[in-house]
*Asks:* 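Could you have a look at this structure, given as structure tokens, before my questions?
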Amino acid sequence: MYDVAVIGGGILGVATARELIQRQPRLRVVLLEKERDVAVHQSGHNSGVIHSGIYYAAGSLKARLCTQGARAMRNYCESKAIACRDAGKLIVAVRNEELPALDELHRRGIANGVEGLRMLEAGEIREIEPHCRGIRALHSLRTGIVDYAAVTRSLADDVRAAGGEICTGHAVMRVRTGAREIALRCANGAEVVARRVIACAGLHADRIARLTGDDPEPRIVPFRGDYLLVKPERRQLVRGCIYPVPDARFPFLGVHFTPRIDGAFWLGPNAVLAFAREGYRLTTIAPRDLLETLTYRGCHRLAARHLRTGIGELYRDVVRRAYVAALQRYVPELTLEDTLPGPSGVRAQAMRPDGSLVDDFVFSGSDRTLHVRNAPSPGATSSLAIARYIADEAHRRFTR
Ligand SMILES: Cc1cc2nc3c(=O)[nH]c(=O)nc-3n(C[C@H](O)[C@H](O)[C@H](O)COP(=O)(O)OP(=O)(O)OC[C@H]3O[C@@H](n4cnc5c(N)ncnc54)[C@H](O)[C@@H]3O)c2cc1C
């Protein structure tokens, strides 16, 4: 019997398994991942940005864990020689109505202890990004880029080297809770028994929580984000990250310009309700996932409130010219011909029955289980700090 079984081989599950073994080297830890490798879902399909901690309300878990996590991520990458660099970032206002929100981001960044923040006037924007236009911008020097799939694989190596087991191809389907143990029945027929369970199941977080008797709410609603690629010969249009001022009604940051650590340049992601939890294309439909979404009253309420925004987002998803037009507000020289269709990611976004999208990181559980219920962006940036938080929380709950 294992001491702890971790469900989910994304960056959070692997970082958590590593943190647990580092704290208690004799702990018997197993990690169960349904895919053939780690980092197959969100952790391998994201913008690759190390966020500095600007956006998050003071006192929130995101504010605390993002700033701590960004520091830990840089140190980890340095110690393992994983490529990572500060690309810098501009959050650009293009309309006067956006200025109060931009000022608020500046205040939040300072309150969260973000270093290297400066407000720029229109002329100064061009000194940083010669092709970018805006009326004012918040410049963050300490926004970095990294390949989170590479980080996850390295963390998995650490787990194995410390004696932990990582079992890929193990999809947890059923959970039986006994007096002293929890048995996890996997789709391949294996039964894994542990005294405690920590679930970092991303897009399936609510389902795994329900299997262990945890609250069914909040639910996970999948939001797909499609990227465009900038053709290699046009990559010099932009130097670092360029983000819009986000729409405060949603927890998404808006389509942005992001250099990748491998030299590529991505545009996006947008945010479209997906018809499958792991649906990386518009046409991918999983009947169970779609039915759950369509019958969930939270989704009805979200649709009633934001139908126009949703339709606009879907239109830009299908009509690439419209997608590029949204980006041209920041870099007018970008043309449709400069872009190619790119990859996609699906965000595990928690939603409440009233249709509101959960903003902060959320954890739940009992004295034997602990669930990550909402860990969208900046979850990858924060992963090493979240792992510490989970290990502290597990210690508190499990030794009650
Ligand atoms: C488009 C996009 C852009 C983003 N950009 C950024 C960014 O720039 N910076 C940033 O910090 N964050 C970003 N994020 C967020 C970041 O990717 C996530 O916060 C992070 O990857 C969450 O990690 P995770 O381990 O919780 O989830 P995941 O990586 O999704 O891992 C969950 C794992 O659980 C496994 N699993 C599920 N059910 C079972 C089961 N029954 N049995 C066994 N295994 C199971 C899945 O197969 C999966 O591997 C972005 C996310 C998306 C989608």
*Asks:* Flag yes if Leu27 and Val30 sit in one hydrophobic cluster, no otherwise; membership is Ile, Leu, Val, Met, Phe, Trp, Tyr, and two members link when side-chain heavy atoms are under 4.5 Å apart.
*Replies:*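 Each belongs to a different hydrophobic cluster.
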*Asks:* Would Tyr296 end up clustered with Val358 when hydrophobic side chains under 4.5 Å apart are linked, directly or stepwise?
*Replies:*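 Different hydrophobic clusters.
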*Asks:* Is Glu233 salt-bridged to Lys231, cutoff N-O under 4.0 Å?
*Replies:*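 Salt bridge absent between Glu233 and Lys231.
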*Asks:* One thing to verify: whether Glu124 and Arg126 come together as a salt bridge, which I'm taking to mean a side-chain N less than 4.0 angstrom from a carboxylate O.
*Replies:*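 Salt bridge absent between Arg126 and Glu124.
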*Asks:* Heavy atoms, side chains only, cut-off 4.5 Å: are Val38 and Arg153 in contact?
*Replies:*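 Yes. Closest side-chain heavy atoms under 4.5 Å.
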*Asks:* Before accepting this row, confirm whether a basic side-chain N of the pair Asp86/Arg74 lies closer than 4.0 Å to the acidic partner's carboxylate O.
*Replies:*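 Between Arg74 and Asp86 there is a salt bridge, with a charged N closer than 4.0 Å to a carboxylate O.
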*Asks:* Could you tell me if the side chain of Met73 sits less than 4.5 Å from the side chain of Ser383, heavy atoms only?
*Replies:*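 Of all side-chain heavy-atom pairs linking Met73 with Ser383, at least one is under 4.5 Å.
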*Asks:* Any non-hydrogen side-chain atom of Lys34 less than 4.5 Å from a side-chain atom of Met173?
*Replies:*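 Sidechains of Met173 and Lys34: no contact.
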*Asks:* Identify each donor-acceptor pair in which a side-chain atom of residues 246-255 lies under 3.5 Å from a protein atom, sequence neighbours left out, and give them as a table.
*Replies:*
| from | atom 1 | to | atom 2 | distance (Å) |
| --- | --- | --- | --- | --- |
| Asp247 | OD1 | Arg249 | N | 3.0 |
| Asp247 | OD1 | Arg249 | NE | 3.1 |
| Asp247 | OD2 | Arg249 | NE | 3.3 |
| Asp247 | OD2 | Arg249 | NH2 | 2.6 |

*Asks:* Checking the side chain of Arg397 only, and the main-chain atoms of Gly365 only, is there a donor and an acceptor separated by less than 3.5 Å?
*Replies:*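 Yes.
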*Asks:* Under a 4.5 Å side-chain heavy-atom rule over Ile, Leu, Val, Met, Phe, Trp and Tyr, are Leu370 and Val172 clustered together?
*Replies:*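 The answer is no; the residues belong to distinct hydrophobic clusters.
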*Asks:* If the threshold is 4.0 Å, N to carboxylate O, is there a salt bridge linking Glu292 and Arg288?
*Replies:*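 Yes.
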*Asks:* Are any side-chain N or O atoms of His45 and backbone N or O atoms of His41, one a donor and one an acceptor, separated by less than 3.5 Å?
*Replies:*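 Between the backbone of His41 and the side chain of His45 there is a qualifying donor-acceptor contact (under 3.5 Å).
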*Asks:* Just wondering, are more than 12 heavy atoms of other shown residues or ligands nearer than 6.0 Å to CZ in Arg95?
*Replies:*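 Atom CZ in Arg95 is packed in, count exceeds 12.
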*Asks:* Is it true that Asp317 and Arg224 make a salt bridge, defined as a side-chain N closer than 4.0 Å to a carboxylate O?
*Replies:*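 Looking at Asp317 and Arg224, the cut-off is met.
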*Asks:* When hydrophobic residues are tied together by side-chain contacts of less than 4.5 Å, even through go-betweens, does Leu273 share a cluster with Leu357?
*Replies:*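 Looking at the clustering, Leu357 is in the same group as Leu273.
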*Asks:* Are Arg85 and Pro259 close enough that some pair of their side-chain heavy atoms sits under 4.5 Å apart?
*Replies:*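 Yes; the side chains approach each other to less than 4.5 Å.
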*Asks:* Would you give the length of the straight line joining atom CG of Leu117 to atom CD1 of Ile54, rounded to the nearest 0.5 angstrom?
*Replies:*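 Nearest 0.5 Å value for the CG-CD1 distance: 5.0 Å.
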*Asks:* Can you name the nearest heavy-atom pair linking Cys241 to Thr143, along with the distance?
*Replies:*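 Taking every non-hydrogen atom into account, SG-CG2, 4.4 Å.
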*Asks:* Determine, step by step, whether Val92 and Cys132 satisfy the side chain to side chain contact (heavy atoms under 4.5 Å, CB included) criterion, reporting the C-alpha distance in whole Å, the side-chain angles of both residues, the deciding distance to 0.1 Å, and the verdict.
*Replies:* CA-CA 9 Å; Val92 183; Cys132 178; 3.9 Å; yes
*Asks:* Using a 6.0 Å cut-off, check whether atom NE2 of His300 has over 12 heavy atoms from anything other than its own residue.
*Replies:*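 More than 12 heavy atoms, drawn from other residues, nucleotides or ligands, come within 6.0 Å of this atom.
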*Asks:* Does a salt bridge link Lys62 with Asp360, judged by any charged N lying under 4.0 Å from a carboxylate O?
*Replies:*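 The answer is no: the pair does not qualify as a salt bridge.
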*Asks:* For the pair Lys80 and Asp157, find out whether any cationic side-chain nitrogen is under 4.0 Å from an anionic carboxylate oxygen.
*Replies:*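 Not counted as a salt bridge, because no side-chain N and carboxylate O are separated by less than 4.0 Å.
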*Asks:* Work out which heavy atom in His256 is nearest to a heavy atom in Pro244; give both atom names and the distance.
*Replies:*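 Result for this residue pair: CB-CD, 4.3 Å.
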*Asks:* Would the number of heavy atoms belonging to other residues, nucleotides or ligands and lying under 6.0 Å from CZ of Arg174 be above 12?
*Replies:*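 Not more than 12 within 6.0 Å, no.
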*Asks:* Side chain to side chain contact (heavy atoms under 4.5 Å, CB included), that's the test. Do Leu65 and Gln68 meet it? Break it down for me.
*Replies:* CA-CA 5 Å; Leu65 298 177; Gln68 288 174 5; 3.8 Å; yes
*Asks:* Would you say Thr381's side chain and His51's backbone share a donor-acceptor pair under 3.5 angstrom?
*Replies:*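 Yes, because the side chain of Thr381 sits within donor-acceptor range (under 3.5 Å) of the backbone of His51.
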*Asks:* Can Arg195 and Glu181 be counted as an ion pair, charged N to O under 4.0 angstrom?
*Replies:*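 No, Arg195 and Glu181 are not salt-bridged.
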*Asks:* To the nearest 0.5 angstrom, please state how far the CZ atom of Arg281 sits from the CZ atom of Phe275.
*Replies:*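 Rounded to the nearest 0.5 Å, the CZ-CZ separation comes out at 15.0 Å.
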*Asks:* Which heavy atom of Ala17 sits nearest a heavy atom of Leu31, and at what distance?
*Replies:*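 Heavy-atom minimum between the residues: CB-CD1, 4.1 Å.
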*Asks:* Check this for me: does any side-chain nitrogen of one of Arg316 and Asp226 sit under 4.0 Å from a carboxylate oxygen of the other?
*Replies:*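 Asp226 and Arg316: not salt-bridged.
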*Asks:* If you define the side chain from C-beta out and look only at heavy atoms, does anything of Leu314 sit under 4.5 Å from Leu282?
*Replies:*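 The answer is yes; the side chains approach within 4.5 Å.
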*Asks:* Is the ring pair Tyr330/Phe257 parallel, tilted or perpendicular, if the boundaries are 30 and 60 degrees?
*Replies:*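 Geometry flag for Phe257 against Tyr330: perpendicular rings.
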*Asks:* So among Asn46, Thr152, Ile82, Ile261, which one has a side-chain contact (heavy atoms from CB on, under 4.5 Å) with Asp147?
*Replies:*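 That would be Ile261; it is the only one of Asn46, Thr152, Ile82, Ile261 passing the side-chain contact (heavy atoms from CB on, under 4.5 Å) with Asp147.
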*Asks:* Closer than 4.0 angstrom, basic N to acidic O: yes or no for Arg207 and Asp289?
*Replies:*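 The answer is yes: the pair qualifies as a salt bridge.
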*Asks:* Could you verify whether a donor N or O on one side chain and an acceptor N or O on the other, from Arg368 and Thr177, lie under 3.5 Å apart?
*Replies:*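 Per modelled atom types, Arg368 and Thr177 side chains form no pair under 3.5 Å.
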*Asks:* When you compare the side chains of Thr212 and Asp214, does any donor N or O come within less than 3.5 Å of an acceptor on the partner?
*Replies:*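 There is no such pair (donor and acceptor under 3.5 Å, judged by atom type) between the side chains of Thr212 and Asp214.
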*Asks:* Thr284 side chain to Gly279 main-chain N or O, any donor-acceptor pair under 3.5 Å?
*Replies:*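 Not confirmed, Thr284 side chain does not pair with Gly279 backbone.
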*Asks:* Is the closest side-chain heavy-atom distance between Arg301 and Met351 below 4.5 Å?
*Replies:*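 Heavy-atom side-chain distance check fails, nothing below 4.5 Å.
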*Asks:* Could you give the distance from CZ (Arg277) to CZ (Arg347), rounded to the nearest 0.5 Å?
*Replies:*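 Arg277 atom CZ to Arg347 atom CZ measures 16.0 Å (nearest 0.5 Å).
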*Asks:* In this structure, which one of Tyr227, Tyr243, Trp266 forms a side chain to side chain donor-acceptor pair (under 3.5 Å) with Ser47?
*Replies:*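 That would be Tyr227.
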*Asks:* Taking side-chain contact (heavy atoms from CB on, under 4.5 Å) as the criterion, tell me which of Ile242, Val238, Val49 meets it with Thr258.
*Replies:*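 Answer after filtering Ile242, Val238, Val49: Val49.
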*Asks:* Considering non-hydrogen atoms only, spot the tightest contact between Arg239 and Ile128 and give its length.
*Replies:*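 Minimum heavy-atom separation between Arg239 and Ile128: NH1-O, 3.1 Å.
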*Asks:* Under 6.0 Å between ring centres, would you say that holds for Phe361 and Tyr389?
*Replies:*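 So the answer is no for these two rings.
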*Asks:* Does the side chain to side chain contact (heavy atoms under 4.5 Å, CB included) test come out yes or no for His170 and Glu33, once each step is laid out?
*Replies:* CA-CA 5 Å; His170 280 59; Glu33 165 53 51; over 6 Å; no
*Asks:* Can you confirm whether Cys66 sits close enough to Tyr55 that some side-chain heavy atom of one is under 4.5 Å from a side-chain heavy atom of the other?
*Replies:*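 The answer is no; the side chains never approach within 4.5 Å.
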*Asks:* Rounded at 0.5 Å granularity, tell me how far CD1 in Ile21 sits from OG1 in Thr16.
*Replies:*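 Result: 11.5 Å between the selected atoms.
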*Asks:* Looking at Gly342 and Leu229, what are the two nearest heavy atoms and their distance?
*Replies:*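 Taking every non-hydrogen atom into account, CA-CG, 3.7 Å.
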*Asks:* Quick one: name the residues clustered hydrophobically with Val193, using the 4.5 Å side-chain heavy-atom rule over I, L, V, M, F, W, Y, and just say none if it's on its own.
*Replies:*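 Listed partners: Met1.
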*Asks:* Report, as yes or no, whether the 6.0 Å neighbourhood of atom CD on Gln236 holds more than 12 heavy atoms from other residues, nucleotides or ligands.
*Replies:*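 Yes.
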*Asks:* How about Arg18 and Leu384: do any of their side-chain heavy atoms sit closer than 4.5 Å?
*Replies:*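 Yes; the side chains approach each other to less than 4.5 Å.
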*Asks:* Work out which heavy atom in Gln42 is nearest to a heavy atom in Leu203; give both atom names and the distance.
*Replies:*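 Heavy-atom minimum between the residues: NE2-N, 4.2 Å.
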*Asks:* With rounding to the nearest 0.5 angstrom, report the CG to CG distance, Leu336 to Leu327.
*Replies:*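 Separation between the atoms: 11.0 Å.
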*Asks:* Quick one: pull up SG in Cys186 and CG in Leu32 and give me the separation to the nearest 0.5 Å.
*Replies:*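 Those atoms lie 5.0 Å apart.
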*Asks:* For the pair Arg235 (side chain) and Gly263 (backbone), establish whether a donor and an acceptor sit closer than 3.5 Å, ignoring hydrogens and angles.
*Replies:*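 At least one qualifying donor-acceptor pair exists.
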*Asks:* Does the side chain to side chain contact (heavy atoms under 4.5 Å, CB included) test come out yes or no for Glu35 and Glu278, once each step is laid out?
*Replies:* CA-CA 12 Å; Glu35 306 293 346; Glu278 290 161 3; 4.0 Å; yes
